[in-house]
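The chain is numbered in sequence order, starting from 1.
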Amino acid sequence: MATLYRKYRSQRFDDVIGQDPIVTTLTNQIKLNRIGHAYLFTGSRGVGKTSCARIFARAVNCLHPVNGSPCGECEVCRKLATDNVDIIEMDAASNNGVDDARDIREKVKYLPVGCKYKVYIIDEVHMLTGGAFNALLKTIEEPPEHVIFILATTEPQKLPQTILSRCIRFDFRLVPNDILAKHIAKIYDAEGIKYTYEAVEEIARLGEGSVRDALSVADTLASAAEEITPEVVLALTGAGDNAAIASLFDCTASHDLTGLINVIDKLVKSGKSMPAVCRQLIDYTRNVLVCKSVGKDKAISGGLINADKATLQNIALSADKYSMTEISRILTEVGNAESGLKYSVNPRVFLETALIKTVCGAQKEDDILRRLSALEQNSAGTPAEQKKNKQVTPPRQAANDASAPIDIPSVKQRAANDVTPQECDPVPAYDLEPPPERFDPPPEPVSPRAAQSQRVRPVSRTTGVTAADEGEFRHTKATAEQGLELQGKIVRILRKSDAPFSARVMRYLAQGVTAKERDDYIAFVSPDEVFLQMSDQSVLNVLNSALDALKETRRAHIERTEDDIFQQDIEKAKQLFSRDGVKIIKN
């Protein structure tokens, strides 16, 4: 005897349930004789993709279709009722090679034997290899007039775009539970099986929108008892009863750890499946969330909640008792636990651990730790686009004294003085002085001709000033206009200086900083990595002190890019030209 889902497979479009828009479109194409050459049926398992493909294949060849469906009485329909060479159904999961695709490409040229169209139904088409798709590409795009391709898949995202663009696509949706329940009740009536409507509704919920899965459960329960009741369904499928699920949710939401363990223990001793219990808890929590969001009356009248009367009452009580934040948190954590239960060796321990962590708030602590870690990583380096606009508060120092020592209180000193964070200045990046670095003596002076012949070595970003010792700042007079000679002099002065932060400023200068001599100031163009540090007043004090030692009257300015200098030149040009009455026009 055939199983229920095979015995009651749809034979006409009128028998297909839950896919009314697709059925209407396909029947209209047959009525209006607007048949396409390639179709793609996508959707979850057991929703009617292959059944609709078979019905459509018979309908396009039927001599007298009835409302777009095959009549089942004409000569062609009788031939197609059994295996026929004009309707070829291929499983791409086992025939996925390029040779199988080439075989189709060679056979499409032959005319159908006894029908108008030769129809190729390729199921699980996403399993085809790349070579097979390429072999079928041209054939699917421009098949002979007597050939129709119907591709069926549960994973359309795995299909190449070249295939998707050549097909008329139909997305099959999951069947609602109320439609599934009516369909199962109709089949039970036809089979003479006694049942209660609550049991049929529970079977439909276990089907999760799949007609085949729901009928498989119904077939399992057909011989379980003289009358199919909800208790029989729960006992045979391993799911927990609705009252236990409601109690499990209440214990989790109310942080009742003892009650939680006891409920799970009772479910395990009664032989319930932990994955099934987890799915029921997810459905129950979702219903509570919907009831909390829109209200009990709207949720029930609008069909947003599918449950029996006793469960609806528990859902309404839970929605009134707990907050939206608590309900959504439980739904998130239980949903995460469901994916892990699929691969768990001990499902009971896994579910207990997940719910206990939810009760104890361990997830909240983990979330806080993750947020703190993310904040620490973000604070380690400011994005480049924010550095230019970020205001840096300089440390306190003696007014009008560029060489005065800088007094920067440490973090411990601030704590000892019992100063609140709001009263403190921001702690600069150089608040904690690094260990002293070893610097080799400066190289002997080299003549300009010899320096020009030397090859400039790259800057070392690990030691900072090693590249300077190797000749980074030994440049000829020809490069003096770029400030490189001046930069080398500054480094030699800083190397001999005992002023605070001299070593740190030398390290900054060796990290891609370029000096540009201007008419009234010296511009130090700094990359993003050291722009904020170079912009600090203490760094400017050290640079200006070095310029004073060189008897240089121009002051140091920190620039982010050379475009900033160019923009300053434009502003000066505007001021000069405006004095003479010249009008500046922007391009």
Side-chain angles (χ1 to χ4, degrees), residues 2 6-16 19 22-43 48-96 99-125 128 132-133 135-153 163 166-170 172:
R6 294 184 60 187
K7 182 178 180 180
Y8 291 94
R9 180 185 286 271
S10 302
Q11 301 298 321
R12 301 166 55 87
F13 281 125
D14 295 338
D15 300 333
V16 179
Q19 312 296 340
I22 297 176
V23 169
T24 301
T25 304
L26 293 177
T27 54
N28 287 338
Q29 285 189 352
I30 296 172
K31 293 176 183 179
L32 300 175
N33 195 23
R34 294 178 179 174
I35 310 300
H37 67 276
Y39 294 85
L40 176 63
F41 292 171
T42 70
K49 300 185 299 296
T50 306
S51 297
C52 284
R54 294 175 178 176
I55 297 171
F56 187 76
R58 296 198 308 271
V60 294
N61 289 306
C62 180
L63 300 178
H64 309 288
V66 179
N67 294 327
S69 297
C71 65
E73 298 178 356
C74 66
E75 180 182 358
V76 175
C77 288
R78 289 195 297 269
K79 290 181 180 179
L80 296 179
T82 58
D83 293 337
N84 192 281
V85 295
D86 291 335
I87 297 181
I88 301 96
E89 188 169 345
M90 186 182 81
D91 178 22
S94 55
N95 302 280
N96 58 359
D99 292 333
D100 300 301
R102 289 172 179 168
D103 184 63
I104 295 175
R105 188 180 61 185
E106 293 298 325
K107 292 181 178 179
V108 294
K109 65 181 69 173
Y110 301 112
L111 294 173
V113 177
C115 300
K116 181 179 179 181
Y117 293 101
K118 178 182 287 187
V119 183
Y120 285 88
I121 302 175
I122 305 178
D123 205 1
E124 303 298 334
V125 69
L128 291 179
F133 277 123
L136 284 177
L137 190 60
K138 191 64 176 178
T139 305
I140 292 179
E141 181 181 10
E142 297 178 357
E145 294 183 358
H146 60 270
V147 173
I148 298 175
F149 284 98
I150 302 179
L151 313 180
T153 179
I163 295 292
R166 287 164 168 80
C167 299
I168 301 174
R169 177 168 173 170
F170 292 98
F172 287 69

Measure the [atom1]-[atom2] distance between [X] and [Y] for me, rounded to the nearest 0.5 Å.
X	Y	atom1	atom2	answer
Y117	E145	OH	CD	8.5 Å
D123	M90	CG	CE	9.5 Å
H37	I148	NE2	CD1	10.5 Å
K49	Q19	NZ	CD	9.5 Å
T139	R102	OG1	CZ	12.0 Å
C77	H64	SG	NE2	9.0 Å

Practice task
Assess whether atom CG of N67 is packed by more than 12 heavy atoms of other residues, nucleotides or ligands within 6.0 Å.
Solution key: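 Counting neighbours around CG of N67, 12 or fewer heavy atoms of other residues, nucleotides or ligands fall under 6.0 Å, so no.
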Problem - Whether over 12 other heavy atoms sit under 6.0 Å from K31 NZ - result: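 Yes - once you tally the heavy atoms of other residues, nucleotides and ligands closer than 6.0 Å, there are more than 12.
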Practice task
For K107 and Y120, run side chain to side chain contact (heavy atoms under 4.5 Å, CB included): C-alpha distance rounded to whole Å, both residues' side-chain angles, the deciding distance at 0.1 Å, then the answer.
Solution key: CA-CA 11 Å; K107 292 181 178 179; Y120 285 88; 3.8 Å; yes
For [X] and [Y], which heavy atoms make the closest approach, and how far apart are they?
X	Y	answer
A135	A101	CB-CB, 3.8 Å
A59	P65	O-CB, 4.5 Å
C74	L63	SG-N, 3.7 Å
Q29	Y39	OE1-OH, 2.6 Å
N96	A93	ND2-O, 4.0 Å
I30	G68	CD1-O, 3.2 Å

Handout entry: Positive for side chain to side chain contact (heavy atoms under 4.5 Å, CB included) with I122, one of D91, I140, I104
Key =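 Going through D91, I140, I104 one by one, the side chain to side chain contact (heavy atoms under 4.5 Å, CB included) with I122 is satisfied by I104 alone.
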Would you say the side chain of [Y] lies within less than 4.5 Å of the side chain of [X], judging by non-hydrogen atoms?
X	Y	answer
N61	D86	no
V76	C62	no
K118	I88	yes
F56	V119	no
R58	I87	yes

Exercise for the section: List the steps and the verdict of side chain to side chain contact (heavy atoms under 4.5 Å, CB included) for V85 and Y110. Expected result: CA-CA 11 Å; V85 295; Y110 301 112; over 6 Å; no
Handout entry: Y8 and D15: CA distance, side-chain angles, deciding distance, side chain to side chain contact (heavy atoms under 4.5 Å, CB included) verdict
Key = CA-CA 9 Å; Y8 291 94; D15 300 333; over 6 Å; no
Exercise for the section: Report yes or no: does S69 contribute a side-chain atom to a donor-acceptor pair with the main-chain N or O of F13 at less than 3.5 Å? Expected result: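 The answer is yes, because a donor-acceptor pair under 3.5 Å joins these two groups.
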Problem - Test item: N28 side-chain N/O and T24 main-chain N/O as donor-acceptor pair under 3.5 Å - result: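 Yes: the side chain of N28 pairs with the backbone of T24.
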Practice task
If the plane angle is over 60° it's perpendicular, under 30° parallel, otherwise tilted; pick one for F41 and F170.
Solution key: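 It falls in the perpendicular class, over 60°.
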Handout entry: Chi angles and distances behind the side chain to side chain contact (heavy atoms under 4.5 Å, CB included) call for L137, I163
Key = CA-CA 7 Å; L137 190 60; I163 295 292; 3.8 Å; yes
Handout entry: Basic-acidic side-chain contact under 4.0 Å: E75, K79
Key =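 Yes, E75 and K79 are salt-bridged.
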Practice task
Using the test side-chain hydrogen bond (donor to acceptor under 3.5 Å, both in side chains), find all partners of R12 that sit at least two apart in sequence or belong to another chain.
Solution key: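 Result, side-chain hydrogen bond (donor to acceptor under 3.5 Å, both in side chains) vs R12: none returned.
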